[in-house]
Structures are given as structure tokens and as C-alpha cells.
Amino acid sequence: MPRLAIRSLACVVALFAAVSTAAAARQDFLPQADTDDLERLLNQPVYAASKYSEDAARAPAAVTVLTAGDIRAYGWRTLAEVLNAVRGVYLRYDRTYNYVGVRGFSRPGDYSSRLLMLIDGYRVNDNIYSQAAAGREFPLDVRLIERVEFIPGPGSSLYGSNAVLGVVNIVTKSAAALHGGLVTVELGSESSRLLSVTHGGQYGDASVVLSAKAEKRPGRDLFFPEYAGESPNFGRTPGQANDESDRKLYAKWTRGELTATAMLSERRKHTPTNAFGALLGGRFINTDRYSIADLQWQHELDADQQLYVRANVAQFQYTNNQENSDPLGSTLLVDQRGRWLGVEARWHHSGLPRQRLVLGVEAQRNFLQRQRASLVGVGAQPLADINGTSHRFGVFVNDEVTLWPRLRAVLGARVDRQLSGADTVSPRLGLLWDASPGLVVKLLDGRAFREPNAAESEYFDDLFAANSSLRSEKLRATELALDWRALPSLRLAASLYRYRVSEQIDQGVDPNTGLLTYHNVGASRARGVEVEGDYVAPSNWRVRGSWASQDASDKASGERLTNSPNSLSKLNISLPWPSLPVLVGIEWQRIGQRLTVSRQALPSHTVTNLTLRVNPPVSNWSLSGTVYNVFDKAFADSAGPEHDKPVALDKLARDGRQWRIQLVLRF
């Protein structure tokens, strides 16, 4: 076993023992809501693996489920921070967006488009960038999340395009879970503040959830040493060049078999870097807007058959107002708008002999895919005015067959008519063996694809060149997974996987034109191992730890991929304070060495977060405080190929120590 694995596992064992000793003599003062969460933790249902609810241990995937209790216990502020706690997942932050990497694969220059994002089962990746938004631009407030299901590996056999590295399904809270109203007030470092109001209630035979949120983060001054000798600011950017704000509205109505959901969100973020030729510290305002409405109907035909129909309409808009660093002092204005309709119908039959069958059809009509760009100022000129429409259609089947009493096979396939008009077949096969009570062994094999999005294949301006000849990216993956309920309170899991990405789409600078362009660059392959343990003690403390070793490389050259850490170690502990209604949440993560775009090494680093939450058992308030990066560790992420003018930035420093205080009032 590598020395790194030994050190990581030794840390897990040592911390596990320390927490066990500290909690041995305590009295039980854990708030009831958190106690209920802990009791359910090891018995979480999951929906996204098969498009019906099932026990996570029996699902045909190496599933991770994180709950609302986890979000409270560890002070997670965004979906990106939630996903960062999943084994094998890591983030890259370019001071504008968080990009999600999975099992060693996250290409600088993409928009997490190899990950499919669902809210209550419906797709929310936009139709311009196919982006799986995860930061504050994600249209749902994390306080409305009941649980997050992460399904790693190929998912195109059920979901079509973008479900390449995994599927994320966010299950929202019901009115019964909220049980009244909540007002949340937050204050944090750098004068950040947040206010949210949420209400869930029963009105006759209908239930309603309403929520509104507003957040402002003024930002802080930053220093980029690469620009220390450059005017006008000599590498320093003021706080207002890094500020961020977001506003969200959400409503859900449920009556009988019908559920209607609507949400609006707007997030504005100033980018302080030189991305895309911007003036460092100048005006660079990005705005992301989402408008989504969904209607679903779930009907019980009989005890064994269910019919499920849904339709949703959505709009996405991205605008950019960017002060350029060119001698003419021009301003770049970008306006990207997408509008689409998605429909799905599905029939589920669980009454067939030794079978559980799902048949479905899904379609998406893109009414609007408009991309505009222009230069304003001296030498002003229109750069792009692209208007497009498109559609895709898929038919899928998933059948779980019991071969023997302890052996099941999952057979699935989907046929897709892509946006380009080409047809693609995405099969999957899973063999699940109940080796002993509580132990499930899973052998999984599947294929997935990702179509080039409109931004990659069509957009052009003075920095980008379009590439209409882009082909769909494909993935083939095989995995051996174990899920073992060793004790009623202890779950152990492990995965051994390998995958290959062909026709890989990467962004780079074209040597002939000097413009950023997306190309099919060949193939990559990866292999890795993941282990995880999750223990909930009778006295209501919990420890969850994971370790992943991953090796992703270019197939032709054998060179290691950039922005691909060689290891990930994670530890989460939630511990009730002895004799007090206080819950302590400790999060520790170690990210292994990575390479930047220029293939310079980013050293490994560790980050520790600490949360204290006070929630008296018979009170209508709770108070929590979190310190992020407790030890103020300095670390950085790789910059993307867009950070090359007029001076190249190879790495971008992450934030040091931050804090947040949150007060929640119930009414």
C-alpha cells in the first residue's frame, strides 16, 4: 500500500479514536432534528440511480448521499461545498465559478458539463454551456435541500447527454419537513451578509413551500504577484472587483398526484482576474439568471404500476460587461440566452416475475440559443450574433432481473437522437450479488456521451474561434464496488474503477490564430481506488472518512492530466458537546498534488473547517458559527487557458481563513 494511503488511514484511525474517547462519558443533548438525521443516515433512499426510490446499498452504483443534517453540521454554504465532501470529488475555483472534478477528471476551460445536474429529477444544465452550476449561481438555496444524491460513473443509459462522470440529484424539502417558517440571518468575513425567509405549510389538501433569499459578499483586496510590475494597479485589485451577490425565489405546490415548482435566481459576480484579456481589477461583471417552472404528475395505476409524466420550461441568461486591457480601452459586452422545454413520460412496473421494469421517453426542444457579443468604445464593432434552435429525443429502458435469490442483473439502454441529428446508443450492465447479510458486491459497466454545447461549437469573438466540426465525447467505464453494512451503525464502501474518454473535448489556444478554440484532442484514461467508512455511535456522534487514489493520463503520450490530484483524503466528524445542546462539526480535507495548465506542480494541501451549532431542545431558535480554513493555509488552483493575456496567470490563490455566524428563527 502506498505510503500516502497508510498516512491517510492512520489519520482517520487516530481521529476516530480521539473522538470516541472524548464522547465516552457525555450525556445526550443532541437536538432532536439532528438525532433523526443520524438515525436515517445509513438507511438513505436514492432515486437517481434507477429513476425510482431504492435503498442506496442496493442501487446499481457507488452512491453517496448527503443530507440537510450534514449541511447544518458542517456549515456548507453552496452546493459546491456539499459536493466537495463526496469521495473522489474535488473543486477548482477561478474567482468566478466553481468547477467540479470527479475521479481525476476536470479539464481547465470547461464548465462542469460532464456532470448532469438534477433538481427533484429534472435536468437543470443550461442549453448554452451545458453547465452544471454549483456555486452561488446554482438556482436553488442550499437551505431547501433535503438530500443530495451523487451517482458516479456513466449515466447516459437513463439520462442521455452530460451524464458522463456522474449524476447529481438534489431532493428538495417538503412542507412537512419545514413545518412552519424560518428566518435565517448571516454575517461573515469581509462584511458578507445574508437574509432568507422560508415557509412550509398545509393549506387544505395542498402543501406549499415558499422561499426568498438575498446575499451580498463585498469581497476583499487581492494581489497577483505576476502583475507586480504592471500598471495601473501593480497586481492589486480592490475588493469591489471581487464582490458577489445573489437573489433567489422558490415556490412548490403539491396536491395529491400533482406537484408544481417554480424558481428564479440572479447572481452577479465581479471577476478580479485577467481572464479573456480583461483589465486586471477593472470592470468585469458576470450575471447568471435562471427561470425554471416544472409540473409533474405521478399516478398509481395499481399496486405494481406507476405512470410518471412531467414537463418543464426554463430560461438561462448570461451577460458579461468586461473592460479590456487592450490599448484602445474597449469594453466587451456578451449576452447569451437560452430557452427550452423538457418533457418526460415513464412507466414503472414492479409486478413482473423477478423483474422491475422502467420504460420511458424524454425530449428537449431548445426554442432559443442566442449568443451575442460586441465591442464598445474606440474601434467598436459587433463580434457575434448567433441565433439557433435545436432538439433532442431519447427512449430508454431499465430492467432489474433477479437471476437467483441473491444475484440481480441490471440491464439498461438508451437511444438518443442528438442535437446534431446523429443517433447514439448508451448501454449499461450491472451485476449485484448479496454476498452475505449486509454485504453487496457490484460489478458495473456502462457508456456515456456528451454533445458539444452551443458555446463550444458555435461561439466566436475576438478571443474565441468556433469549431462546428466538434464531435461528441464518449466514455466507457468499468467498476467493482462493495457496500457493506458491517454493523447496524457502521457502513463501509470501496470502489475499484477504470474509464476511458475518447474524442475528448478540450479548450486550448490555436497556434495558427492565437484564439481560444475547442477541439477533439484524443483520449484519456484513468483508474483509481476509493474507500469510505461511515459510523454513527449510539451516543449520536458520527465520523465519516474517505480516501481516493486516482491516476488520469493522456492515452497517447502517457502524460498525467492537468488539474488532476493524485489523491483525496476527507474526514467529517459531528460531535455533541458534553452536557450542552451544542453540536461540533469538524471537516478535514487533503488534496493531493496537481499540475497546472503549464504542467507546473501545485503541492498537496490540507484544509480544516470547524462549526459549532447551538440548538436548545425546546426553543424556536438556533445559532451556529463556522470558521473555514481554520489554520489559514495558503493554497491555489490551476488557472485556465483563458488567463494568458497580457501576462499569463498559471495559478490562482484560494481564500485564507473566513468565518460565518448564522441565526435561525422559527415561527
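All figures in this text were calculated on a predicted structure; none of them were measured in a lab. Sequential numbering from 1 along the given sequence is applied to the chain's residues.
- Between the side chain of N125 and the main chain of M117, a donor-acceptor pair closer than 3.5 Å is present.
- Partner F150 forms a side-chain contact (heavy atoms from CB on, under 4.5 Å) with one of V100, V82, V89, V167 and no other, that one being V89.
- A donor-acceptor contact closer than 3.5 angstrom is absent between the side chains of N398 and E400.
- Aromatic ring orientation, F316 versus Y129: perpendicular (interplanar angle above 60°, classes split at 30° and 60°).
- With rounding to the nearest 0.5 Å, the separation of CD in Q131 from CG in D110 is 9.5 Å.
- Side chain to side chain, S113 and N162 fail the donor-acceptor criterion of an N or O pair below 3.5 Å.
- A salt bridge between R147 and D70 is absent, with no side-chain N of the basic residue lying under 4.0 Å from a carboxylate O of the acidic one.
- Listed for the K213 side chain is no donor-acceptor partner under 3.5 Å among the backbone atoms of T198.
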Inset, instruction - Show your working on side chain to side chain contact (heavy atoms under 4.5 Å, CB included) between Q589 and N609 and close with a plain yes or no. - result: CA-CA 9 Å; Q589 296 188 354; N609 304 325; over 6 Å; no
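- The residues R491 and E532 are annotated as salt-bridged, a charged nitrogen and a carboxylate oxygen being separated by less than 4.0 angstrom.
- R123 is linked by a salt bridge (charged side-chain N to carboxylate O under 4.0 Å, His left out) to nothing, counting only residues two or more places apart in sequence or in another chain.
- A salt bridge links R107 to D506: at least one charged side-chain nitrogen sits closer than 4.0 Å to a carboxylate oxygen.
- Annotation: cation-pi geometry not satisfied between R339 and F367 (NZ/CZ under 6.0 angstrom from ring centroid, within 45° of ring axis).
- Using the six-membered ring where Trp is involved, Y97 and Y111 have ring planes that are perpendicular, over 60° apart on the 30 and 60° scheme.
- N563 places a side-chain N or O within 3.5 Å of a backbone atom of S106 that can act as its donor or acceptor partner.
- I119 CD1 to M263 CE: the interatomic distance, rounded to the nearest 0.5 Å, is 4.0 Å.
- Annotation: cation-pi geometry not satisfied between R114 and F105 (NZ/CZ under 6.0 angstrom from ring centroid, within 45° of ring axis).
- Test L359, V358, V309 against W347 for side-chain contact (heavy atoms from CB on, under 4.5 Å) and you get one pass: L359.
- Checking D294 against T261 by side-chain atom types alone, no donor-acceptor pair falls below 3.5 Å.
- Checked for salt-bridge contact, R392 and E451 meet the test: a charged N lies under 4.0 Å from a carboxylate O.
- The pair R289-E266 meets the salt-bridge criterion, since a charged nitrogen lies less than 4.0 angstrom from a carboxylate oxygen.
- In this structure, CD in Q306 is found 7.5 Å from CG in L301, a value given to the nearest 0.5 Å.
- Rounded to the nearest 0.5 Å, atoms CH2 (W340) and CZ (R365) are 14.5 Å apart.
- Applying the ring-ring contact (aromatic ring centres under 6.0 Å, His included) rule to Y52 yields the partners H348; only residues at least two apart in sequence or on another chain are considered.
- Partner of E479 under the side chain to side chain donor-acceptor pair (under 3.5 Å) criterion, out of K442, R103, R498: R103 alone.
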Legend entry - Pair L444-R428, side chain to side chain contact (heavy atoms under 4.5 Å, CB included): steps then yes or no: CA-CA 8 Å; L444 311 169; R428 80 162 170 176; over 6 Å; no
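- Environment of NE2 in H391: sparse, with no more than 12 heavy atoms of neighbouring residues, nucleotides or ligands closer than 6.0 Å.
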Inset, instruction - Tell me, with the steps shown, if S489 and Y535 meet side chain to side chain contact (heavy atoms under 4.5 Å, CB included). - result: CA-CA 6 Å; S489 57; Y535 177 71; 3.3 Å; yes
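- Checked for salt-bridge contact, D288 and R267 meet the test: a charged N lies under 4.0 Å from a carboxylate O.
- Considering L407, L480, L432 as possible partners of V441, the one that fulfils the side-chain contact (heavy atoms from CB on, under 4.5 Å) test is L480.
- Heavy-atom contacts from other residues, nucleotides or ligands closer than 6.0 Å to CH2 of W253 number more than 12.
- Within a 6.0 Å radius of NE2 in H299, more than 12 heavy atoms belonging to other residues, nucleotides or ligands are found.
- Residues E344 and K51 share a closest heavy-atom pair of OE2-NZ, 2.8 Å.
- Here E456 contributes atom CD and S130 contributes atom OG; the two are 7.0 Å apart, rounded to the nearest 0.5 Å.
- Considering CG of L431 and CG of D445, their distance stands at 10.0 Å, rounded to 0.5 Å.
- Checked for salt-bridge contact, R58 and D434 meet the test: a charged N lies under 4.0 Å from a carboxylate O.
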Legend entry - Residue pair S211, R143: steps toward the side chain to side chain contact (heavy atoms under 4.5 Å, CB included) verdict: CA-CA 9 Å; S211 179; R143 291 156 194 80; over 6 Å; no
